[in-house]
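Since the model is a prediction, treat every value here as computed from it, not as a measurement. Whatever order the structure lists ligands and atoms in, that order sets their numbers, starting from 1.
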Amino acid sequence: MAMSRWSYRADQAVFPLLMAAAGAASLRHASIRQTEEWLGCLLSGVGAWTFLEYVLHRWVLHHVPPFKRLHEAHHAHPGEFIGTPAWLSAPLFVLAWLTLARELSRPAAGGAAAGLMAGYLAYSLLHDAVHHRRATPGGWLARAKQRHARHHRPGARGDFGVSTAFWDRLFGTATTIRCNGSRRRGR
Ligand SMILES: [Zn+2]
Ligand SMILES: [Zn+2]
């Protein structure tokens with residue numbers, strides 16, 4: 001939904017606080033082995049987020065009402081501050097943390113939740129930068145901007161990953177621009 005610049009970027013303040021809370025709550029009195037378990041789950045959570053990002057973008061944001069309509073507004077006006085507000089996203093991640101805590105140990109649940117949040121925060125920062133920041137030509141941000149610009153082309157059905165192109169490559173939805181400028185859809 002359309003937001004002010006500050007609401008749009010509230011994620012960038014809220015999620016570091018949530019991650020700190022997940023870290024503090026799950027690492028209090030933790031042993032070395034539990035800390036290692038926490039770190040392993042943190043990395044797994046980041047990886048899991050990249051897959052979730054792909055799934056949510058490809059199938060939910062592009063097909064499921066009312067998310068589809070809201071996401072179409074973002075596609076139509078990519079420079080505007082249209083996205084998921086922190087008051088909606090943050091409780092969902094807390095719910096994920098509580099759900100994980102029912103199944104896993106305290107360090108594992110806290111680490112996985114912090115990893116999911118770190119992945120979401122990275123996605124949020126990158127998607128903001130892709131649409132609102134200048135990039136050094138040839139740099140990683142320029143490449144991310146180019147990949148996401150391909151996704152924003154009218155009628156495009158690929159390049160759903162913002163944080164990474166890995167899942168697009170795996171599922172055959174990565175697109176490329178040929179040397180002659182024509183566009184090819186990946187498989
Ligand atoms: Zn999209
Ligand atoms: Zn976008």
task = Return yes if a side-chain donor-acceptor contact under 3.5 Å exists between Glu53 and Trp49, otherwise no.
result =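 Yes - a donor-acceptor pair under 3.5 Å links their side chains.
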Practice item. Name the orientation class of the two ring planes belonging to His148 and His57 (parallel below 30°, tilted from 30 to 60°, perpendicular beyond 60°). Key: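 His148 and His57: tilted rings.
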Aromatic centroids of His127 and His74 separated by under 6.0 Å
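Centroid distance His74-His127: below 6.0 Å, so yes.
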Distance-only donor-acceptor pairs under 3.5 Å for side chains of residues 132-141, two or more places apart:
unit_1, atom_1, unit_2, atom_2, d
His132, ND1, Asp128, O, 3.2
His132, ND1, Asp128, OD1, 2.8
His132, NE2, Gly79, O, 3.0

Show which side-chain atoms of residues 91-100 pair as donor or acceptor with protein atoms under 3.5 Å away, not counting sequence neighbours.
unit_1, atom_1, unit_2, atom_2, d
Thr99, OG1, Leu95, O, 2.8

Going by chain and residue number, what protein N/O/S atoms come nearer than 2.8 Å to the Zn ion (ligand 2)?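 Sorted hits: His74 NE2, His127 NE2, His131 NE2, His148 NE2, His152 NE2.
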> Looking at the Zn ion (ligand 1), which N/O/S atom of His57 is the nearest one?
Replying inline: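 Looking only at N, O and S atoms of His57, the one nearest the Zn ion (ligand 1) is named NE2.
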**Report entry** Residues in salt bridge (Lys or Arg N to Asp or Glu O under 4.0 Å) contact with Glu72, at least two apart in sequence or another chain
**Finding:**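 Applying salt bridge (Lys or Arg N to Asp or Glu O under 4.0 Å) to Glu72 gives Lys68.
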